[in-house]
There are 2 protein chains.
Amino acid sequence: MSSPPHMMLENQICLSLYSATNALIRAYRPFLDPLDLTYPQYLVMLAIWDADNMSVTDICRATRLDTGTVTPLLKRLEAKGLIYRKRSAEDERRRVISLTESGELLRAPASKVPGQMACLNAVSIEEAKQIKLLAEKMYQNIKI
Amino acid sequence: MSSPPHMMLENQICLSLYSATNALIRAYRPFLDPLDLTYPQYLVMLAIWDADNMSVTDICRATRLDTGTVTPLLKRLEAKGLIYRKRSAEDERRRVISLTESGELLRAPASKVPGQMACLNAVSIEEAKQIKLLAEKMYQNIKI
DNA sequence: GTTATTTATATTGCGCGCAATATAATTGCC
DNA sequence: GGCAATTATATTGCGCGCAATATAAATAAC
């Protein structure tokens, strides 16, 4: 028995997005490996480089990652000596995440990654802008 | 110290794709849960419904998933009684993956999922076509 | 025909995604 | 002040992504 067209894998928008995203994250690896960062760890470090002394919730909002993802990820970053996690004095529930000196030192080499990725030339600049715009719209409209 | 613009999270195309894809897969969940399938399992079942008696390699190619992902995934599908994995007679290295009767019975309810997802209206049909096209192009151009 | 290479699948290990649940501190309400 | 509701973070458990490695069968080379 054969399936209707809407069940064919080639017609799955989500599969296209899914495999493109996974491929893109794989493409980051050669540039992130020397920094000893995974892509989600790189996202979190970008957030912290942009705004030091954030709470876990702040980092989740900035990176769009989940608490259950970020908490152990931050522990790994702390184990690498890139950040430390102190308790807030005003609110003992909050963790304040701060850069260590090595975390700060990693900023410069990490700043080269976007340029290295751009050299892949997977799509044109115009197409990249468009796909970002559409993905953003999709993300915003799906969010509950 | 502040970061240059290309290091800002808002400028990360990959983050837009990443979070949109994760959100889309989360959006599948309410429709896939009643079928007791995860999204990657749904992808593999779509491949099998489309072409029965494929090898693991065939399924990896169709779904763009990895061997290390597909092998245990197939075992879980087998444990649910949806498929079985017999050895090929001609080539003892090959596994031939076949639908069971319950696997076949799941096809009809699964065929309703794309329509249910379409009702989310996260983006217009035209935008969906475009994002699929761009994601495909990106995927093809990244592949080594 | 034996050895080397290739091919198909499986295994291991670690990090992540995420739902569900727990813990503990803060805030609101009376 | 005392108690419920809320808020911030952490924990658990399972499935997946993927690199590295292993195993074993088929094929090629000689």
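Heavy atoms only: backbone and side chains are in, while hydrogens, waters and symmetry mates are out.
Phosphate contact (OP1/OP2 of dC18(D), side-chain N/O of Arg26(A), threshold under 4.0 Å): present. Put simply, Arg85(B) has a side-chain N or O that comes within less than 4.0 Å of OP1 or OP2 on dA10(C).
A straight line from NZ of Lys80(B) to C1' of dC14(D) spans 11 Å, rounded to a whole angstrom. Rounded to whole angstrom, the span from the CG atom of Asp66(A) across to the P atom of dT11(D) amounts to 15 Å. Spacing between atom OH of Tyr42(B) and atom C1' of dG15(D) amounts to 19 Å, rounded to whole angstrom units. Between the CG atom of Asp36(B) and the C1' atom of dG15(D) there is a distance of 12 Å, given to the nearest Å. When the P atom of dC18(D) is taken as reference, atom CG of Leu32(A) falls 14 Å away, rounded to whole Å. dC18(D) atom P lies 14 Å from atom CG of Asp33(A), rounded to whole Å. Rounded to an integer number of Å, the gap from CZ of Arg64(A) to P of dC18(C) is 13 Å. Whole-Å rounding puts the Leu73(B) CG to dC14(D) P distance at 16 Å.
Residue Thr71(A) places its side chain closer to dT11(D) than to any other of dT9(C), dT11(D), dC18(C). Comparing dC18(D), dC18(C), dT11(C) by their closest approach to the side chain of Lys75(B) singles out dT11(C). Counting only heavy atoms from C-beta on, Thr67(A) has its side chain closest to dA10(D) among dG15(D), dA19(C), dA10(D).
Map Glu92(B) and Asp58(A) each onto its nearest nucleotide of DNA chain D; the residue landing nearer the 5' end is Asp58(A). Along DNA chain D, the nucleotide nearest to Gly68(A) and the one nearest to Pro72(B) differ in position, and the one closer to the 5' end is contacted by Gly68(A).
At most 12 heavy atoms of other shown residues, nucleotides or ligands fall within 6.0 angstrom of atom NZ in Lys129(A).
Under the side-chain contact (heavy atoms from CB on, under 4.5 Å) criterion, Cys14(B) pairs with Leu24(A), Ile25(A), Tyr28(A), Tyr39(A), not counting sequence neighbours.
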Under 3.5 Å between N/O atoms: give me all the protein pairs with nucleotides 4-8 of chain C, atom names plus distance.
{"residue": "dT7(C)", "atom": "O2", "partner": "Arg93(B)", "partner atom": "NH1", "Å": "2.6"}

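The backbone N or O of Leu82(A) sits nowhere less than 3.5 Å from a side-chain atom of Ser102(A) that would complete a donor-acceptor pair.
Residue pairs meeting the salt bridge (charged side-chain N to carboxylate O under 4.0 Å, His left out) criterion with at least one member in residues 115-127 of chain B, sequence neighbours excluded, are Lys137(A)-Glu127(B).
When heavy atoms are screened at a 4.0 angstrom cut-off, Leu65(B) is found touching the sugar-phosphate backbone but no base atom. Nucleic acid contact class of Thr38(B) (heavy atoms, under 4.0 Å, all strands): sugar-phosphate only.
A salt bridge links Arg85(A) with Glu78(A): the closest approach of a Lys/Arg side-chain nitrogen to an acidic carboxylate oxygen falls below 4.0 angstrom. Note on Arg64(A) versus Glu136(A): salt bridge recorded, some NZ/NE/NH1/NH2 to OD/OE distance being below 4.0 Å.
Applying the side-chain contact (heavy atoms from CB on, under 4.5 Å) test between Ile97(A) and each of Ile59(A), Leu77(A), Asp58(A) identifies Ile59(A) as the sole match.
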